[in-house]
Student: 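Have a look at this one.
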Amino acid sequence: MKKRNVLLCGITAALLMTGCGEMPELTETETEIISEYAVGVLMKHNKMHSSRLVNTAIEEAMAEEEEEEPVAEGEQDEEEPEETAVVDVSQDEEESQSAVTSVEQYYGISNIVISYTGYETAAYYPPQAEGEEPFFSMDATPGTELLVLKFNAQNQTGEDQSLNLLGCGARFRVSVNGEASKGALATMLVNDMQTFDSVIPANSAVEMVTIVEVPQGTSVDSIDMILRGGEQDGTLHLQ
């Protein structure tokens, strides 16, 4: 393309320099190039003509010129980028997750058993009694509802046990009905399992929750929780 522009500029300059005098002698190739360029310019500025015709005429002329101009092997290698392989990262992540049997097994917690007890869906959480003003509450964004996963943390010893999931770096993602997982919402709930840090009295249990948003009206058939914070992500099948 650069060679073509230089040639056109040179021929044009030659024509301008001749003024109203004699026209320079042109070869057949030069005459064809000037004719093609002139037609292209006229058609480009003619509003009644389709721009597709202009592009087609110019592309055909350029194609003919490229066929006549051999391309060096080095230049050809530079112009043709290597094909990039498409990698399904999400599939790799799923395959890299190992199945775990419990939260306490994944985080190495002893003397406490954490059991999944069920779920509820709600427009807001926690539930509010009439006239009650909770310390913290959250509403679902428009078009969604809150899926509240409930867990029971049981102290199986006769002594008070400290449970600090915050210190374990606990992070959760939840997959509903086999769909792509979503990160658990950050809350200021004292029983949010991701940030739970408290003492469970001897032979007692506390309820913890993990909350995600799902499309409104979702029928929950299966729930998987992806546990993070350890050396490798672990998947816990809840139901």
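Keep in mind that what you see is a predicted model, and the values were worked out from it rather than measured.
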Student: Check whether Gln161 reaches the backbone of Ile112 with its side chain - one donor and one acceptor, N or O, closer than 3.5 Å.
Tutor: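 Answer holds: no.
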
Student: Within the structure provided, determine whether Leu185 and Leu146 are in side-chain contact (heavy-atom separation under 4.5 Å).
Tutor: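 Yes. Closest side-chain heavy atoms under 4.5 Å.
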
Student: Determine yes or no for a side-chain-to-main-chain donor-acceptor pair under 3.5 angstrom, with Glu104 supplying the side chain and Ile114 the backbone.
Tutor: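 It does hold such a pair.
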
Student: Please find the pair of heavy atoms, one from Ser181 and one from Ile226, that lie closest to each other, and give the distance.
Tutor: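 Taking every non-hydrogen atom into account, CB-CD1, 3.9 Å.
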
Student: Specify the closest pair of heavy atoms between Ile200 and Ala153, including all atoms of both residues, with the distance to one decimal.
Tutor: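 It is CD1-CB, 3.8 Å.
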
Student: Where do Lys182 and Glu213 land on the salt bridge (charged side-chain N to carboxylate O under 4.0 Å, His left out) test, with the steps shown first?
Tutor: CA-CA 8 Å; Lys182 297 180 180 179; Glu213 284 187 325; over 6 Å; no

Student: Does a donor on one side chain and an acceptor on the other come within less than 3.5 Å for Asn111 and Thr157?
Tutor: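 On atom types as modelled, these side chains do not qualify, holding no pair under 3.5 Å.
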
Student: Sort out for me which residue in Asn152, Leu163, Thr117, Leu189 forms a side chain to side chain contact (heavy atoms under 4.5 Å, CB included) with Met208.
Tutor: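 The passing option is Leu163.
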
Student: Grab the two heavy atoms, one from Glu159 and one from Ala202, that are nearest each other, plus how far apart they are.
Tutor: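 Result for this residue pair: N-CB, 3.4 Å.
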
Student: Are the side chains of Pro215 and Thr144 in touch, meaning some heavy atoms are under 4.5 Å apart?
Tutor: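 Of all side-chain heavy-atom pairs linking Thr144 with Pro215, none is under 4.5 Å.
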
Student: Which pair of heavy atoms, one from Gln239 and one from Asp221, lies closest together, and at what distance?
Tutor: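 It is NE2-O, 4.1 Å.
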
Student: For Pro201 versus Val199, what's the shortest heavy-atom pair and its separation?
Tutor: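 Result for this residue pair: CD-O, 3.6 Å.
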
Student: What's the spacing between Thr187 OG1 and Asp192 CG if we round to 0.5 Å?
Tutor: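 Nearest 0.5 Å value for the OG1-CG distance: 3.5 Å.
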
Student: What pairs of residues pass the ring-ring contact (aromatic ring centres under 6.0 Å, His included) test when at least one of them lies in residues 175-213, not counting sequence neighbours?
Tutor: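 Of all non-adjacent pairs touching residues 175-213, none passes ring-ring contact (aromatic ring centres under 6.0 Å, His included).
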
Student: For the CD1 atom of Ile211 and the CD atom of Gln194, what is their distance to the nearest 0.5 Å?
Tutor: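 If I round to the nearest 0.5 Å, the distance is 10.0 Å.
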
Student: Indicate, with yes or no, if Val148 and Met138 share a hydrophobic cluster defined by side-chain heavy-atom contacts under 4.5 Å among Ile, Leu, Val, Met, Phe, Trp and Tyr.
Tutor: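 Looking at the clustering, Val148 is in the same group as Met138.
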
Student: Please check this pair: side chain of Asn155 against backbone of Ser204, looking for a donor-acceptor N/O pair closer than 3.5 Å.
Tutor: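 Looks like no, no N/O pair under 3.5 Å.
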
Student: Applying the 4.5 Å side-chain criterion to the ILVMFWY set and letting contacts propagate, would Val209 and Leu238 be lumped into a single cluster?
Tutor: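 Per the 4.5 Å side-chain linkage, Val209 and Leu238 are not co-clustered.
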
Student: Do you reckon Met193 sits in the same ILVMFWY cluster as Leu147, going by side-chain contacts under 4.5 Å, direct or chained?
Tutor: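 Yes, because Met193 and Leu147 connect within a single hydrophobic cluster, where side-chain heavy atoms sit under 4.5 Å apart.
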
Student: CG/Leu227 to CZ/Phe172 distance, rounded to the nearest 0.5 angstrom?
Tutor: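 Rounded to the nearest 0.5 Å, the CG-CZ separation comes out at 6.0 Å.
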
Student: If you round to the nearest 0.5 Å, how far is OG1 of Thr195 from CG of Leu166?
Tutor: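 Reported value, rounded in 0.5 Å steps: 6.5 Å.
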
Student: Rounded to the nearest 0.5 Å, how far apart are CG of Asn203 and CD of Gln156?
Tutor: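 So the gap between those two atoms works out to 9.5 Å.
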
Student: For Val214 and Val174, run side-chain contact (heavy atoms from CB on, under 4.5 Å): C-alpha distance rounded to whole Å, both residues' side-chain angles, the deciding distance at 0.1 Å, then the answer.
Tutor: CA-CA 10 Å; Val214 295; Val174 178; over 6 Å; no

Student: Could you report the tightest heavy-atom contact between Ala140 and Ala122, atom names first, then the distance?
Tutor: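 That closest heavy-atom pairing would be CB-O, 4.5 Å.
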
Student: Among pairs that include at least one residue of residues 146-171, which meet ring-ring contact (aromatic ring centres under 6.0 Å, His included), considering only residues two or more places apart or in two chains?
Tutor: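 Output for this query lists Tyr116-Phe151.
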
Student: Backbone N or O of Gly230 within a donor-acceptor pair of the Tyr106 side chain at under 3.5 Å?
Tutor: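 Yes: the side chain of Tyr106 pairs with the backbone of Gly230.
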
Student: To the closest 0.5 Å, what do you measure between CZ (Arg173) and CE (Met225)?
Tutor: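 One finds 12.0 Å between CZ of Arg173 and CE of Met225.
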
Student: Judged by atom type as modelled, is there a donor-acceptor pair below 3.5 Å linking the side chain of Asn177 to the main-chain atoms of Glu179?
Tutor: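 Absent.
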
